[in-house]
**Q** 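Starting off with a structure, shown below.
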There are 2 protein chains.
Amino acid sequence: MSGVGPAGGEHPFDGAVALKPADTGGVYTGETHPAYANMVGPYGGITAATLLEAVQCHPERLGVPVSLTVNYAGPVADGEFTVSARPSRTNRSTQHWSLELIQDGTVATTATAVYAARRDTWADTETTMPDVPEPEAVPVTPMPDHVEWAKNYEMRFLDGALPALEGAPESPDSTTMLWVRDAPARPLDFPALASLCDVFYPRVFLRRGQAVPAGTISLTTYFHADDAVLADQGTRPVLARARSNRFGRSYFDQSACLWGVGGELLATTHQLVYFKG
Amino acid sequence: MSGVGPAGGEHPFDGAVALKPADTGGVYTGETHPAYANMVGPYGGITAATLLEAVQCHPERLGVPVSLTVNYAGPVADGEFTVSARPSRTNRSTQHWSLELIQDGTVATTATAVYAARRDTWADTETTMPDVPEPEAVPVTPMPDHVEWAKNYEMRFLDGALPALEGAPESPDSTTMLWVRDAPARPLDFPALASLCDVFYPRVFLRRGQAVPAGTISLTTYFHADDAVLADQGTRPVLARARSNRFGRSYFDQSACLWGVGGELLATTHQLVYFKG
């Protein structure tokens with residue numbers, strides 16, 4: 001999908017995930033986008049989205065993504081990069097992909113994705129959407145000005161907003177819940193959903209009441225939505241809730257749910273995060 | 001670790017994950033083990049353990065596993081297979097691995113793993129171990145006799161045991177909780193923990209009150225334990241609890257926690273499962 005911003009120009013998200021075929025063998029070139037810069041290299045969500053985009057635009061792609069794992073092996077430097085997308089196995093109704101993001105001959109990111117032809121089956125959402133105020137009733141709270149990538153998301157916190165940078169108390173619970181969507185608004189597609197799955201600031205900040213060095217090392221997303229569900233979602237905010245199970249020995253985990261219109265569970269997503277202190 | 005069963009022979013788990021170097025470049029040969037057979041091919045947990053074992057015995061391996069993702073791309077046939085383990089990037093304190101299990105030139109399984117040197121940091125377990133009866137107070141319930149792999153696990157169900165094969169009611173909740181360990185008992189190590197993470201029968205069986213075709217397509221495990229924690233655990237049972245968030249359009253997810261002695265959260269693990277019906 002090629003998004004168009006309110007002023008009629010290209011949406012920054014589309015610029016950030018844009019890839020050009022470098023050959024016919026599933027190798028693409030891309031470039032980091034200043035709008036999605038993070039402390040060291042780009043926002044992890046945009047890297048995940050870019051890797052998924054390589055499959056989305058691959059001529060051999062079948063079906064829709066059901067699973068994506070991204071391993072952040074090293075920093076991505078500002079500038080050009082190469083993405084290789086290889087179908088490691090294609091079955092009748094599933095397709096497995098192996099992906100790498102490479103800069104100057106060095107692997108910066110590895111990923112695997114599973115695509116599938118989905119069929120109608122028995123369905124139930126066991127983790128239902130919490131009963132919360134409508135997005136319009138919740139004020140927009142921007143992240144601190146130096147967090148470039150966060151300016152691309154409209155965030156309305158219901159619980160666990162980013163603690164003040166100084167003098168914040170510790171918290172006994174790592175839960176953050178917010179309404180969130182692209183800013184400017186943009187119809188949701190799979191790469192945008194993959195990016196949204198990394199939208200939570202590090203849970204250790206909330207628990208400790210302070211920022212410490214931290215970075216995602218591995219991110220897995222299970223997509224429950226299909227194309228029709230994403231079309232229904234359009235540009236409306238997603239309710240996103242994240243929580244950690246365990247912190248210790250330099251790493252913590254995080255599990256999150258993203259619900260859309262009508263309480264539809266769009267994705268569940270998990271990550272392991274390095275931290276210091 | 002080379003386990004020894006009570007009768008002094010090799011433990012079936014060690015036979016099942018055993019690999020022989022095929023060359024010096026991280027290629028190994030292994031063989032499926034009849035004791036871990038499942039409906040189609042081997043139990044997914046033993047495949048995960050075998051892929052992790054390839055890193056464990058690789059001469060370039062640094063640190064301990066913190067994250068493992070296994071994608072079940074196609075069935076593994078009874079007999080020999082090849083595992084290739086390649087360090088895609090080695091940093092000062094983390095190492096990223098790309099893995100494939102190949103049979104007759106076809107990729108059957110892909111995986112990525114992250115290893116790390118862990119350091120003492122601030123720690124907290126937010127998802128604490130439920131207050132349940134001691135393992136000795138809970139009867140051992142074997143799985144049906146035709147489920148070969150399950151005979152290698154001593155299962156004591158606290159909640160959500162396998163429904164009867166006929167006439168079982170539907171259940172509104174997908175939670176299963178059990179005490180579980182290798183049978184015969186075997187000191188816990190990382191491959192055995194990786195295998196235990198797949199020990200839950202498909203959640204859709206519990207919800208629907210019947211067995212339907214189902215199989216894990218992608219499995220991610222975050223290891224919170226280090227070598228010292230595993231040594232403390234020894235052969236004692238692990239408390240394992242699994243639940244799904246969403247079923248629909250041919251797939252459901254599952255998230256699980258495995259706690260050890262003293263309420264230590266050993267691993268959190270997630271999977272996406274194909275199902276029919």
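By convention in this document, chain letters (A, B, ...) are assigned in the order of the sequence lines, proteins followed by strands, and residues within each chain are numbered from 1.
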**Q** Side chain, backbone, both or neither: which part of B/Val212 has a heavy atom under 4.5 Å from chain A?
**A**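 Neither the backbone nor the side chain of B/Val212 comes within 4.5 Å of chain A.
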**Q** Checking A/Phe223 against chain B: side chain, backbone, both or neither under 4.5 Å from a heavy atom?
**A**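 Contact with chain B: none, neither part.
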**Q** Tell me, side chain or backbone of B/Ser255 under 4.5 Å from chain A's heavy atoms, or both, or neither?
**A**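 The side chain, not the backbone.
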**Q** What is the distance from atom OH of A/Tyr222 to atom CZ of B/Phe252, rounded to the nearest 0.5 Å?
**A**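 Answer rounded to 0.5 Å: 11.5 Å.
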**Q** Please report the closest heavy-atom contact between A/Phe275 and B/Trp122, naming both atoms and the distance.
**A**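 Heavy atoms of A/Phe275 and B/Trp122 come nearest at CZ-O, 3.4 Å.
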**Q** Please determine, by modelled atom types, if B/Arg89 and A/Thr110 share a side-chain donor-acceptor pair under 3.5 angstrom.
**A**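 A/Thr110 and B/Arg89 do not have a side-chain donor-acceptor pair below 3.5 Å.
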**Q** If I take atom SG from residue B/Cys257 and atom CG from residue A/Asp253, how far apart are they, to the nearest 0.5 angstrom?
**A**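 Here the interatomic distance stands at 8.0 Å.
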**Q** Tell me, for A/Val229 versus chain B, whether the close heavy atoms (under 4.5 Å) come from the side chain, the backbone, both or neither.
**A**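 It is the side chain, since no backbone atom gets that close.
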**Q** Taking B/Ser218 for the side chain and A/Ser67 for the main chain, is one N or O donor matched with an acceptor at less than 3.5 Å?
**A**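 A pair under 3.5 Å: no.
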**Q** At a heavy-atom distance under 4.5 Å, which candidate from A/Asn71, A/Thr94, A/Leu265 has the highest pair count against chain B?
**A**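 Highest number of pairs under 4.5 Å: A/Asn71.
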**Q** Looking at A/Gln271, A/His96, A/His224, A/Arg249, which makes the most heavy-atom pairs under 4.5 Å with chain B?
**A**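 Between A/Gln271, A/His96, A/His224, A/Arg249, the count favours A/Arg249.
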**Q** By a 4.5 Å heavy-atom criterion (distance strictly below it), what part of A/Thr69 contacts chain B: side chain, backbone, both, or neither?
**A**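 Side chain only.
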**Q** Taking the six-membered ring for Trp, are B/His270 and A/His270 parallel (under 30°), tilted (30 to 60°) or perpendicular (over 60°)?
**A**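 Aromatic pair B/His270/A/His270 classed parallel.
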**Q** Where does B/Gln95 contact chain A at under 4.5 Å (heavy atoms): side chain, backbone, both or neither?
**A**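 Nothing of B/Gln95, per the 4.5 Å heavy-atom cut-off to chain A.
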**Q** Does a donor on one side chain sit under 3.5 Å from an acceptor on the other, for A/Asn245 and B/Thr268?
**A**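 Note: A/Asn245 and B/Thr268 side chains miss the donor-acceptor criterion.
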**Q** Is a side-chain donor or acceptor of A/Arg118 paired with a backbone partner of B/Gly248 at a separation under 3.5 angstrom?
**A**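 Yes; judged by distance alone, with no hydrogens or angles, the pair exists.
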**Q** May I have the step-by-step check of side chain to side chain contact (heavy atoms under 4.5 Å, CB included) for A/Thr121 and B/Tyr251, ending in yes or no?
**A** CA-CA 9 Å; A/Thr121 59; B/Tyr251 291 89; over 6 Å; no
**Q** Sort out for me which of A/Val114, A/Asp173, A/Thr90 touches chain B most, counting heavy-atom pairs under 4.5 Å.
**A**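 Ranked by contacts with chain B, first place is A/Asp173.
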**Q** Please classify the contact of B/Thr220 with chain A as side chain, backbone, both or neither, using a heavy-atom distance under 4.5 Å.
**A**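 Answer is both: backbone and side chain atoms of B/Thr220 are under 4.5 Å from chain A.
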**Q** Under 4.5 Å, counting heavy-atom pairs only, tell me which of B/Gly277, B/Ser93, B/Ala73 racks up the most with chain A.
**A**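 Among the listed options, the one with the most contacts to chain A is B/Ala73.
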**Q** Is B/Arg246 salt-bridged to A/Glu126, going by a charged N under 4.0 Å from an acidic O?
**A**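 A/Glu126 and B/Arg246: not salt-bridged.
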**Q** Taking side chain as everything from C-beta outward and backbone as N, CA, C, O, which of these in A/Val66 sits under 4.5 Å from a heavy atom of chain B? Side chain, backbone, both or neither.
**A**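 Looking at A/Val66, backbone and side chain both touch chain B.
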**Q** Less than 4.0 Å between a side-chain N and a carboxylate O, is that true for A/Arg207 and B/Asp124?
**A**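 Between A/Arg207 and B/Asp124 there is a salt bridge, with a charged N closer than 4.0 Å to a carboxylate O.
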